[in-house]
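Nothing fancy with the numbering, it's 1 onward along the sequence.
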Amino acid sequence: MEVIIRPTEASASALVARIVSHDLRANPHLVLGLATGKTMELVYRDLVRMHKGERLDFSLCSTFNLDEYVGLAGSDPNSYRHYMDQHLFLHVNVDPRNTHLPNGMANDLDAECRQYEALIQRFGGIDLQLLGIGKAGHIGFNEPLSALRSRTRVKALTPTTIKQNADLFGGEDKVPRRAITMGVGTIIEARRCILLATGDAKAAVIAQAVEGPITSMVTASTLQLHPKCTVVVDEAAASQLKEQDYYRWIFANEPEWEEYR
């Protein structure tokens, strides 16, 4: 795991977008794992800008989102399909047939989970997986005590997660109680993972995930096992990390980051 500290939320998001752009230009058939939430909005804004201004081409890539709420149709304004359409898909030249999210309206949710997992494998696995982190330390909707080898499945949301998303739905009572999510095991099989976290509210959980023990109570901590995982944070989210000087040295000195400095 590498940790990269950038001065601001905008610069952290811009770095993640540049990494995605680099990998997509190197491999136009990139299989891209996508995340949602406010943290990702700046990343998608930068990718849309690169598409329009720098000819970043999405026409041959494929995408798989981490999760979707159970009971929400893709047309629902609070669905993650709607989020992705509004923030990325409708603004770039990605083929809609190659954009994949779990179907939260499936009649047989267990079958939907198995089919989604199989579809990822049919596409050869995920090349680059974008991740945020919830206040409960989760990646995707892999809430505390999720099995570290879990696969795509239906997961009950914790009260913490429901409260975190309440404003988007107009109240806690309106937030769906379950979601389909890629499993922890599914996520860490991606060839590369990038986790983006910004703001003071994420500082404590980032310190747990990066420098704490690997535990199912903080499923993001399993990324410590990944052979190629980069955690990108702004100064606020990095504020509780103990090895900040070392992480800054990595970005300033390691050759792989030279083109991003």
Val43 and Thr39 have their tightest heavy-atom pair at CG2-O, 4.4 Å

I'd like to know whether the aromatic ring centres of Tyr69 and Phe169 sit less than 6.0 Å apart in this structure. yes

- [ ] Flag yes if Ile139 and Val154 sit in one hydrophobic cluster, no otherwise; membership is Ile, Leu, Val, Met, Phe, Trp, Tyr, and two members link when side-chain heavy atoms are under 4.5 Å apart.
- [x] no

4.5 Å side-chain heavy-atom contact, Val184 and Arg149 | no

Test your reading of the model: is there a side-chain donor-acceptor pair from Arg18 to the backbone of Tyr260, 3.5 Å cut-off? yes

Closest non-hydrogen atoms of Leu130 and Leu66, given as atom of the first, atom of the second and distance, are O-CD1, 3.9 Å

Would Leu47 and Leu88 satisfy side chain to side chain contact (heavy atoms under 4.5 Å, CB included), going step by step from the backbone distance to the final call?
CA-CA 8 Å; Leu47 289 173; Leu88 184 64; 4.3 Å; yes

Interatomic distance, OG1@Thr219 vs CD1@Ile187, rounded to 0.5 Å, equals 7.0 Å

Backbone of Ser75 reached by a side-chain donor or acceptor of His82 within 3.5 Å: no

Discussion item. Show, in sequence, the C-alpha distance, side-chain angles and deciding distance for Val94 and Ser59, and conclude whether the side chain to side chain contact (heavy atoms under 4.5 Å, CB included) test is met.
Written reply: CA-CA 5 Å; Val94 66; Ser59 64; over 6 Å; no

Q: Classify the ring geometry between Tyr83 and Tyr80 as parallel (under 30°), tilted (30 to 60°) or perpendicular (over 60°).
A: perpendicular

* Hey, is the main chain of Glu143 close enough, under 3.5 Å, to the side chain of Ser146 for a donor-acceptor pair? -> yes

- [ ] Kindly indicate whether the side chain of Phe89, heavy atoms from C-beta on, has any atom under 4.5 Å from the side chain of Thr63.
- [x] yes

| query | Between Leu119 and Met105, is there a shared hydrophobic cluster once you connect ILVMFWY residues whose side-chain heavy atoms come closer than 4.5 Å? | reply | no

>> Closer than 3.5 angstrom, by distance alone: can the side chain of Gln224 be matched with the main-chain N or O of Gly212 as a donor-acceptor pair?
In response: yes

Rounded to the nearest 0.5 Å, the NZ atom of Lys174 sits from the CG atom of Leu168 at a distance of 12.5 Å

Within one Ile-Leu-Val-Met-Phe-Trp-Tyr cluster: Tyr246 and Trp257, side-chain cutoff 4.5 Å | yes

Q.
With a 4.5 Å cut-off on side-chain heavy-atom distances among I, L, V, M, F, W and Y, is there a chain of contacts connecting Val31 to Leu128?
A. yes

Open item on the list: Checking side-chain polar atoms at under 3.5 Å, does Arg153 have a donor or acceptor matched by the opposite partner on Asn142?
Closed with: yes

**Study point:** Flag for Thr99-Arg81: side-chain donor and acceptor within less than 3.5 Å
**Key:** yes

How about Asn107: does its CG atom have over 12 heavy atoms from other parts shown lying under 6.0 Å from it?
no

If you apply the rule side chain to side chain contact (heavy atoms under 4.5 Å, CB included), what do you find for Arg192 with Asp127, and how did you get there? CA-CA 6 Å; Arg192 182 176 188 180; Asp127 295 311; over 6 Å; no

Between Leu131 and the options Ile194, Leu196, Leu223, the side-chain contact (heavy atoms from CB on, under 4.5 Å) test singles out Leu223

message = Strictly distance-based, threshold 3.5 Å: is any side-chain N or O of Arg191 a donor or acceptor partner for the main-chain N or O of Glu189?
response = no

Any salt bridge between Lys242 and Glu211, counting N to O under 4.0 Å?
no

Correct closest heavy-atom pair for Asn65 and Pro102 would be O-CD, 4.1 Å

Test item: side-chain donor near acceptor, Trp249 and Glu254, under 3.5 Å:
no

request  = Indicate yes or no: at least one non-hydrogen side-chain atom of Glu41 is less than 4.5 angstrom from one of Lys38.
outcome  = yes

- Quick one: are Met84 and Tyr44 in side-chain contact, heavy atoms under 4.5 Å? yes

d(Leu30 CG, Asp57 CG) to nearest 0.5 Å is 12.0 Å

Are Leu32 and Leu24 packed together at the side-chain level, in the sense that at least one heavy-atom pair is separated by less than 4.5 angstrom? no

State, with a plain yes or no, whether a side-chain heavy atom of Leu241 is found less than 4.5 Å away from one of Ile206. yes

Subject >> Check: Thr161 and Phe141 side chains under 4.5 Å, non-hydrogen atoms >> reply: yes

**Prompt:** Does the side chain of Ser11 pick up a donor-acceptor pair with the side chain of Thr8 at under 3.5 Å?
**Reply:** yes

In short, Ala209 meets Ala220 closest at the heavy-atom pair CB-CB, 3.8 Å

Residue pairs meeting salt bridge (Lys or Arg N to Asp or Glu O under 4.0 Å), one or both in residues 230-241, sequence neighbours left out, come to Glu235-Arg248

- Task: Walk me through it: do Ile133 and His138 pass the test side chain to side chain contact (heavy atoms under 4.5 Å, CB included)?
- Result: CA-CA 6 Å; Ile133 184 171; His138 59 263; over 6 Å; no

(message) So Thr152 and Met182, do their side chains get closer than 4.5 Å, heavy atoms only?
(response) yes

Output for pair (Ile19 CD1, Leu15 CG), nearest 0.5 Å, gives 4.0 Å

Sequence neighbours excluded, the answer for side-chain hydrogen bond (donor to acceptor under 3.5 Å, both in side chains) partners of Arg49 is Glu54

(request) Please work out which of the three classes, parallel, tilted or perpendicular, describes the rings of Phe58 and His51, given edges at 30° and 60°. (result) perpendicular

- Examine distances only and state if a side-chain atom of Arg261 and a backbone atom of Phe251 form a donor-acceptor pair shorter than 3.5 Å. yes

Taking every heavy atom of His91 against every heavy atom of Lys52, the minimum-distance pair comes out as O-CE, 3.9 Å

Taking every heavy atom of Arg97 against every heavy atom of His100, the minimum-distance pair comes out as O-NE2, 3.5 Å

Output for pair (Leu101 CG, Leu34 CG), nearest 0.5 Å, gives 8.0 Å

**Prompt:** Is the closest basic N to carboxylate O distance between Arg178 and Glu68 below 4.0 Å?
**Reply:** no

| Does Met217 offer a backbone N or O that forms a donor-acceptor pair with the side chain of Thr215 under 3.5 Å? | yes

Output for pair (Cys61 SG, Asp23 CG), nearest 0.5 Å, gives 12.0 Å

- Query: Under a single-linkage definition using a 4.5 Å side-chain heavy-atom cutoff for Ile, Leu, Val, Met, Phe, Trp and Tyr, are Met1 and Ile126 assigned to the same hydrophobic cluster?
  - Reply: yes

Walk me through whether Glu172 and Lys163 qualify under salt bridge (Lys or Arg N to Asp or Glu O under 4.0 Å).
CA-CA 6 Å; Glu172 291 184 34; Lys163 185 175 182 179; 5.4 Å; no

Discussion item. Checking side-chain polar atoms at under 3.5 Å, does Ser221 have a donor or acceptor matched by the opposite partner on Gln208?
Written reply: no

